[in-house]
Amino acid sequence: MSTLEQGLTALYNEDYERAREILTSIPGSDFPKAVGLQACSLLEYIEELQGLPAINKSISMGRAAEKLERNNFDVHFMLAQAYAARYQRRGQNQDLRSAQQHYRIATG
C-alpha cells in the first residue's frame, strides 16, 4: 500500500491525526503530493480549523491532481465532498452540480 493510500485510508477511517501525519510526508511524484494536499485541506475543513478557505484549497488541489491523472477515484471522490461542503456553506447551484458530477465520475 502506497503512502497516499495509507493516508487516505486513515482519513476515511476518521483517524485524522494519523491521516495528517501520513499525508504531509508523501514523497515522490506530483500526483501523490497534490492528492495528499487535497486531502489535508479537506481534513482541515472537517476539523473546522479553516472553514471555507480550506474547502477552496481542496478544490484547487483536486483540480490540479485531476490534470495530472484523469479518472482517479480518490481525486473525484474528495472533489465531490469538497464541492458538496462548499454548496452547504454558500448555497450556489454550480457547487451542487459539480459535486454531483464528480460523484458520478468517482462511482462510474
(Q) Going by side chain to side chain contact (heavy atoms under 4.5 Å, CB included), name the residues that satisfy it together with R90, two or more places apart in sequence or in a different chain. (A) L52, R86, Q92, D95
Q. For the side chain of S58 and the backbone of A54, is there at least one donor-acceptor N/O pair under 3.5 Å apart?
A. no
(Q) Testing the basics here: between A39 and L11, what is the closest heavy-atom pair and its distance to 0.1 Å? (A) CB-CD2, 3.9 Å
**Q.** Partner residues of E69 under the salt bridge (Lys or Arg N to Asp or Glu O under 4.0 Å) criterion, sequence neighbours left out
**A.** none
Q. So which pairs with a foot in residues 99-108 pass side-chain hydrogen bond (donor to acceptor under 3.5 Å, both in side chains), sequence neighbours left out?
A. H76-H102
**Q.** Smallest separation among heavy atoms of Y45 and A85, with atom names
**A.** CE2-CB, 3.5 Å
Q: Please list all pairs passing the side-chain hydrogen bond (donor to acceptor under 3.5 Å, both in side chains) test where one or both residues lie in residues 21-34, with sequence neighbours left out.
A: R18-E21
Q. What are the two closest non-hydrogen atoms of A82 and I55, and how far apart are they?
A. O-CG2, 3.4 Å
Q | Results of side chain to side chain contact (heavy atoms under 4.5 Å, CB included) for S60 - residues two or more places apart only | A | none
Q: Could you give me the CA-CA distance, side-chain angles and deciding distance for L79 and E66, then say whether side-chain contact (heavy atoms from CB on, under 4.5 Å) is met?
A: CA-CA 10 Å; L79 274 168; E66 182 183 23; 4.2 Å; yes
**Q.** Shortest non-hydrogen contact from G7 toward A19
**A.** O-CB, 3.7 Å
Q. What's the shortest heavy-atom distance between A84 and A99, and which atoms?
A. N-CB, 3.6 Å
Q: With sequence neighbours left out, write down each residue that passes side chain to side chain contact (heavy atoms under 4.5 Å, CB included) with S2, or none if nothing qualifies.
A: L4, E5
Q.
Who clusters with L96? Use side-chain heavy atoms, under 4.5 angstrom, across I, L, V, M, F, W and Y, and order the result by chain and number.
A. Y87
Q: Go through the structure and list residues passing ring-ring contact (aromatic ring centres under 6.0 Å, His included) with Y12, not counting sequence neighbours.
A: F77
**Q.** Distance (rounded to the nearest 0.5 Å) between E14 CD and L43 CG
**A.** 11.0 Å
Q. For M61, which fellow cluster members are found when Ile, Leu, Val, Met, Phe, Trp and Tyr are connected by side-chain heavy-atom distances below 4.5 angstrom, either directly or through intermediates?
A. L37
Q | CD1-CD distance between I26 and Q6, expressed to the nearest 0.5 angstrom | A | 9.5 Å
Q: Rounded to the nearest 0.5 Å, what's the gap from NZ on K57 to SG on C40? Could you check?
A: 8.0 Å
Q.
Tell me the closest heavy-atom pair linking T3 and P27, and the distance in Å.
A. OG1-CD, 4.3 Å
Q: State whether the side chain of N72 and the backbone N or O of D74 hold a donor-acceptor pair below 3.5 Å, judged by distance alone.
A: yes
(Q) If you count heavy atoms of other groups shown closer than 6.0 angstrom to CZ of R97, is the number above 12? (A) yes
Q. Applying the 4.5 Å side-chain criterion to the ILVMFWY set and letting contacts propagate, would I22 and I46 be lumped into a single cluster?
A. no
(Q) Hydrophobic clusters here meaning ILVMFWY residues chained together by side-chain heavy-atom distances under 4.5 Å, can you tell me if Y83 and I105 are in one? (A) no
Q.
Walk me through whether M78 and L8 qualify under side-chain contact (heavy atoms from CB on, under 4.5 Å).
A. CA-CA 10 Å; M78 285 189 292; L8 293 172; 3.8 Å; yes
**Q.** Counterpart residues, side chain to side chain contact (heavy atoms under 4.5 Å, CB included), relative to A64 (two or more places apart)
**A.** none
